[in-house]
Structures are given as C-alpha cells and as structure tokens.
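Since the structure comes first, as structure tokens, the remarks are kept for the end.
Sequential numbering from 1 along the given sequence is applied to the chain's residues.
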Amino acid sequence: MADEPQISELSFEAALRELERIVTRLESGDAQLQEAIDLYERGDQLRRQCAARLDAAQARIEAIRTDAQGRPTGTTPFAAG
C-alpha cells in the first residue's frame, strides 16, 4: 500500500472508487489481519476526505441566513466570483 497516491491528490471520484474497492475487499473477508487493518485505515482517510469535499461543495452552493438570534431563516444561493 506504500505506492498508493496521496489521498489529498485524488479527485473526489477517484477517492470514492478506491473507497468502494476497499469496502468490497474488507467485506469479502479474504484479507489477512494486518492487510485488513491497513485497508480500514486508508478507507477511513478516504471517507473523511470525501466527506470534507462534499461539505465544502455544499458550503459553496448555499449559505444559511440567520436572524438576530442565530435561528436559520433561509438559504442564499452560492454566488460565484
């Protein structure tokens, strides 16, 4: 697993595909214990990276408007530029 690309260098789609391959491998039950641990750790890193990218994309798409008390009152579409 040392020759795998850095997770931060992967596109969202590539990270998701790799995560799906890891889940399939772990679900098969064929991995030895150390390999399963390594796969799980990389999968967790991939999951966190994908979640962070989705959260960032969501934040770019809409911003929540709040009133003076901090209660949500609606959303504002993302304005590019």
Distance, nearest 0.5 Å, that separates CD of Glu35 from CG of Asp30: 9.0 Å
With sequence neighbours excluded, residues passing salt bridge (charged side-chain N to carboxylate O under 4.0 Å, His left out) with Arg47: Asp44
Reported CG-to-CZ distance for the pair Leu39 and Arg25, which is rounded to 0.5 angstrom: 7.0 Å
Partners passing salt bridge (charged side-chain N to carboxylate O under 4.0 Å, His left out) against Arg21 (at least two apart in sequence or in another chain): none
Set of residues satisfying side chain to side chain contact (heavy atoms under 4.5 Å, CB included) with respect to Ser8, sequence neighbours excluded: Gln6
Interatomic spacing from CD in Gln49 to OG in Ser11 - rounded to 0.5 Å: 10.5 Å
Straight-line distance of Cys50 SG to Glu13 CD, nearest 0.5 Å: 9.0 Å
Test side-chain hydrogen bond (donor to acceptor under 3.5 Å, both in side chains) applied to Gln32 - qualifying residues, sequence neighbours left out: none
Chi angles and distances behind the side-chain contact (heavy atoms from CB on, under 4.5 Å) call for Leu16, Leu10: CA-CA 9 Å; Leu16 190 58; Leu10 296 173; over 6 Å; no
Between CG on residue Leu46 and CD on residue Glu20, distance to nearest 0.5 Å: 11.0 Å
Set of side chain to side chain contact (heavy atoms under 4.5 Å, CB included) partners for Thr24, sequence neighbours left out: none
Beyond-backbone contact of Arg42 with Ile7, side-chain heavy atoms, under 4.5 angstrom: yes
Non-neighbouring partners of Leu54 that pass side chain to side chain contact (heavy atoms under 4.5 Å, CB included), sequence neighbours left out: Phe12
